[in-house]
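Take a look at the structure set out below.
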Amino acid sequence: MPKQVDHESRRRQIAEAVCQLADESGLEGVTLRDVAARAQVSMGAVQRCFGTKEEMLVFALGHVGEQVAGRLSARLTASPAQSARTALGHAASEVSLVQEKRRAEARVWLAFAAQAAVSPSLAEILRSNYADLHKVFTQLITEGCDTPDPERAARTLLALADGLTTHVLIGHLSPTAALDVLDGHLNQLWNERAS
């Protein structure tokens, strides 16, 4: 009797291999052959899971987005009694990927962001991820302060958190300095709304 394969589990295994390779050498270093070797599956298995390299990359980017969203959701629900300001700080620091433990994920995220500039399917995934994050930020800002334009404040904070990832990766800012910038912006946001 042939061995039963959990198709979705296999796809996630391949997505993890894509991310490991992208972390090491960017998306240009991701070939089907290397992905198969890293995932310890045959080329045929990769091709049965994904019809094209683009389809594989789209799935892998969705996988990364799900991991970030899952951590963010867990962090926000872990302490339901926290203030909106504290929750927003946690959310922004999670999105910024500046912590040392998130360095590999940040490199992968930026590799996908760069590729999305020339790949409409990857750009669509990123737009969807950013739209979801924008909703979360808008909700927390609306709950935490009386601002006439919480959506604009959320866009600004999301852009800042996202941009800090690049600054830390290239060594322009340390993770501590980046988190200080983020915290300073949050303090300014809350102080402006309080006055």
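Note that the numbering runs from 1 along the sequence shown for the chain.
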- [ ] Working to the nearest 0.5 Å, report the span between CG of Leu189 and OG1 of Thr156.
- [x] 9.0 Å
- [ ] Evaluate the criterion side-chain contact (heavy atoms from CB on, under 4.5 Å) for residue pair Ile125 and Phe112; output intermediate values, then yes/no.
- [x] CA-CA 10 Å; Ile125 298 285; Phe112 275 111; over 6 Å; no
TODO: To the nearest 0.5 Å, tell me how far Lys135 NZ sits from Glu151 CD.
DONE: 10.0 Å
Open item on the list: Quick check: is Leu164 connected to Leu169 through a chain of hydrophobic side chains (ILVMFWY, heavy atoms under 4.5 Å apart)?
Closed with: no
Open item on the list: Assess the residue pair Arg48 and Ser42 against the criterion (side-chain contact (heavy atoms from CB on, under 4.5 Å)); give the C-alpha distance rounded to whole Å, side-chain angles, the decisive distance to 0.1 Å, and a yes or no.
Closed with: CA-CA 10 Å; Arg48 280 189 296 280; Ser42 69; 4.1 Å; yes
Task: Least distance between heavy atoms, Lys53 atom then Leu27 atom - done: NZ-O, 3.9 Å
Open item on the list: If the threshold is 4.0 Å, N to carboxylate O, is there a salt bridge linking Arg102 and Asp23?
Closed with: no
Task: Any Met43 side-chain heavy atom under 4.5 Å of Val35 side chain - done: no
Task: side-chain contact (heavy atoms from CB on, under 4.5 Å) between Ser119 and Leu57, intermediate numbers included - done: CA-CA 10 Å; Ser119 169; Leu57 293 178; over 6 Å; no
Task: Heavy-atom side-chain contact between Leu133 and Asp162 under 4.5 Å - done: no
TODO: Locate the shortest heavy-atom distance separating Trp190 from Ala84; write the atom from each residue and the value.
DONE: CZ2-C, 4.2 Å
Open item on the list: How close do Ala161 and Val95 get, counting heavy atoms only, and between which atoms?
Closed with: CB-CG1, 4.3 Å
Open item on the list: Using 0.5 Å steps for rounding, measure from the CG atom of Leu126 to the CH2 atom of Trp109.
Closed with: 5.0 Å
Task: Glu66/Arg12 salt bridge by N-O under 4.0 Å criterion - done: no
- [ ] Answer with yes or no whether the hydrophobic clustering places Tyr130 together with Val98; edges join I, L, V, M, F, W, Y residues whose side-chain heavy atoms lie under 4.5 Å apart.
- [x] yes
Task: Reported CZ-to-OG1 distance for the pair Arg38 and Thr31, which is rounded to 0.5 angstrom - done: 10.5 Å
- [ ] Would you indicate whether Arg71, at its atom CZ, is surrounded by more than 12 heavy atoms from other residues, nucleotides or ligands within a distance under 6.0 Å?
- [x] yes
Task: Straight-line distance of Glu124 CD to Asn129 CG, nearest 0.5 Å - done: 11.0 Å
TODO: Decide whether Gln20 and Glu16 meet the rule of one side-chain donor and one side-chain acceptor closer than 3.5 Å.
DONE: no
Task: Check: Ala39 main-chain N/O paired with Gln13 side-chain donor or acceptor under 3.5 Å - done: yes
TODO: Is it possible for you to say whether Leu173 and Leu110 belong to one hydrophobic cluster, with membership spreading through side-chain heavy-atom contacts below 4.5 Å?
DONE: no
Open item on the list: Tell me whether Ser73 contacts the main-chain N or O of Gly70 through its side chain, where contact means a donor paired with an acceptor under 3.5 Å.
Closed with: no
TODO: Taking the side chain as every heavy atom from C-beta outward, state whether Leu140 and Glu143 have any pair of such atoms under 4.5 Å apart.
DONE: yes
- [ ] Run the numbers on Val30 and Asp34 for side-chain contact (heavy atoms from CB on, under 4.5 Å), then give the verdict.
- [x] CA-CA 7 Å; Val30 174; Asp34 289 342; over 6 Å; no
Task: Closest approach of Arg75 to Ser93 (non-hydrogen atoms, all atoms of both residues) - done: NH1-OG, 3.5 Å
TODO: Compare all side-chain heavy atoms of Cys49 with those of Arg11 and state whether any distance is below 4.5 angstrom.
DONE: yes
TODO: Could you state whether Leu32 and Ile14 fall into the same hydrophobic cluster, counting links through intermediate Ile, Leu, Val, Met, Phe, Trp or Tyr residues with side-chain heavy atoms under 4.5 angstrom apart?
DONE: yes
Open item on the list: I need the minimum non-hydrogen distance between Ser174 and Val168, along with the two atoms involved.
Closed with: O-CG2, 3.9 Å
TODO: For Val64 and Cys19, work out which heavy atoms get closest and say how close.
DONE: CG2-SG, 3.4 Å
Open item on the list: Quick check for you: to the nearest 0.5 Å, what is the distance between Glu54 atom CD and Gln115 atom CD?
Closed with: 7.0 Å
